[in-house]
Amino acid sequence: MNSRYQQAVFAFSANREAQFPAAARVEIAFAGRSNAGKSSALNTLTNQKTLARVSRTPGRTQLINYFALPDAGCFLVDLPGYGYAEVPEQVRAHWQALLGRYLLQREVLRGVVLLMDIRHPMKELDIRMLECCAERQLPAHVLLTKADKLSRSVAEKQLRALRSELLNWHAPFSVQLFSSLKRLGLPELVAQLDAWIEADHAE
């Protein structure tokens, strides 16, 4: 297992564009509904139990959290979970506008890992995330999380269905099964992240 992600450390949090790092070369964002298992996936990827805090109340992450990798200027970026948070409308509007600009305009953003609960994929906000990515042909890699909750045959059926659906977007989208609990799909995720980072190194 590549130790690059196991060396991830919390760098800082941001809640406006002026706080984004000017020296960043590669950013890979993690996004998803607040109950899709995003924090658990980040902790599994980095082999750290508390790097991304797992809240019992979904939607508590209200900041963009940056985690630095050992590669200079490379960051994993934990975006606020969406669709669940009980926050004032003014705060919600701020985040929707900020995330929209981040996804559409952030030049060093190389890819988005979009987490969806395998039992409830492609909700409205998931689709809006993919629309942002498709608009600029930004790669998105979907993790169908909590795959251990379904039988292997049912999970594979969900995977095939979503893979077929993503082909209709004519965008650089991919999808895999994932389970933080069973560490299912971890090597596949690492390979995808490595490809995004190493493509930058090759430029």
Side-chain angles (χ1 to χ4, degrees), residues 1-14 27-70 74-87 95 99 102-103 109-123 125-126 129-130 133 139-152 154-156 158-159 162 173-194 196-197:
M1 181 63 66
N2 192 321
S3 64
R4 167 186 281 154
Y5 307 102
Q6 296 182 18
Q7 296 178 58
V9 295
F10 174 76
F12 56 88
S13 297
E27 293 177 7
I28 297 171
F30 281 68
R33 289 177 62 83
S34 299
N35 55 348
K38 183 161 55 69
S39 295
S40 296
L42 276 165
N43 290 339
T44 299
L45 170 66
T46 59
N47 199 31
Q48 300 180 46
K49 292 181 179 179
T50 58
L51 184 73
R53 290 185 173 82
V54 181
S55 174
R56 294 188 180 277
T57 307
R60 292 292 280 276
T61 304
Q62 297 301 317
L63 296 168
I64 296 177
N65 293 313
Y66 274 76
F67 301 101
L69 296 176
C74 292
F75 296 92
L76 301 179
V77 183
D78 184 11
L79 301 179
Y82 52 77
Y84 227 73
E86 296 178 10
V87 297
W95 278 113
L99 291 179
Y102 177 79
L103 290 167
L109 179 60
R110 295 291 186 259
V112 174
V113 178
L114 181 56
L115 294 93
M116 303 181 194
D117 187 322
I118 192 169
R119 299 164 297 180
H120 315 288
M122 296 296 278
K123 296 290 190 180
L125 291 169
D126 299 325
M129 287 288 297
L130 288 173
C133 294
H141 186 63
V142 177
L143 293 190
L144 289 175
T145 62
K146 309 182 185 182
D148 57 286
K149 302 284 188 184
L150 301 179
S151 70
R152 186 73 191 188
V154 174
E156 291 283 357
Q158 285 280 67
L159 176 65
L162 188 53
F173 295 164
S174 51
V175 59
Q176 68 164 98
L177 300 177
F178 192 81
S179 166
S180 294
L181 185 65
K182 304 288 189 182
R183 300 178 72 82
L184 170 71
L186 184 56
E188 195 176 342
L189 172 60
V190 165
Q192 179 62 75
L193 301 183
D194 283 348
W196 285 340
I197 292 172

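Atom set for the values below is all heavy atoms of this structure, side chains included, hydrogens, waters and symmetry mates excluded.
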Counting C-beta onward and ignoring hydrogens, is there a side-chain heavy-atom pair between [X] and [Y] closer than 4.5 Å?
X	Y	result
Leu42	Tyr5	no
Leu193	Val113	yes
Ile64	Leu99	yes
Leu186	Leu45	yes
His141	Ile28	no
Ile197	Arg110	no

Open item on the list: Going by the rule side chain to side chain donor-acceptor pair (under 3.5 Å), which residues pair with Ser179 if we only count those two or more places apart in sequence or in a different chain?
Closed with: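 Here the qualifying residues are Asp148.
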- [ ] Say whether, by atom type as modelled, one donor and one acceptor occur between the side chain of Thr145 and the main chain of Leu115 under 3.5 angstrom.
- [x]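 Here the side-chain-to-backbone pair does not exist.
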TODO: Would you confirm whether Glu188, through its side chain, and Gln176, through its main-chain N or O, come within 3.5 Å as a donor-acceptor pair?
DONE: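 No.
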Task: Leu109 vs Val77, side-chain contact (heavy atoms from CB on, under 4.5 Å): CA-CA, chis, key distance, verdict - done: CA-CA 9 Å; Leu109 179 60; Val77 183; over 6 Å; no
Mind checking what makes ring-ring contact (aromatic ring centres under 6.0 Å, His included) contact with [X], not counting sequence neighbours?
X	result
Tyr102	Phe20
Phe67	Phe10
Phe178	none

Residues in side chain to side chain contact (heavy atoms under 4.5 Å, CB included) contact with [X], at least two apart in sequence or another chain:
X	value
Ala191	none
Gln158	Ile118, Pro121, Leu150
Gln48	Ala8, Thr46, Leu51
Ser151	Ser153, Val154

Task: Exercise: identify the closest heavy-atom pair between Lys38 and Phe30 - done: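 Here Lys38 and Phe30 meet closest at CD-O, 3.4 Å.
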Task: Partners meeting salt bridge (Lys or Arg N to Asp or Glu O under 4.0 Å) with Asp117 (sequence neighbours left out) - done: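 Arg119, Lys146.
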TODO: Tell me, please, which residues at least two apart from Glu156 pass salt bridge (Lys or Arg N to Asp or Glu O under 4.0 Å).
DONE: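 Per chain and number, Glu156 pairs via salt bridge (Lys or Arg N to Asp or Glu O under 4.0 Å) with Arg152.
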- [ ] Kindly determine whether Met116 and Val175 satisfy side-chain contact (heavy atoms from CB on, under 4.5 Å), including the steps that lead there.
- [x] CA-CA 10 Å; Met116 303 181 194; Val175 59; over 6 Å; no
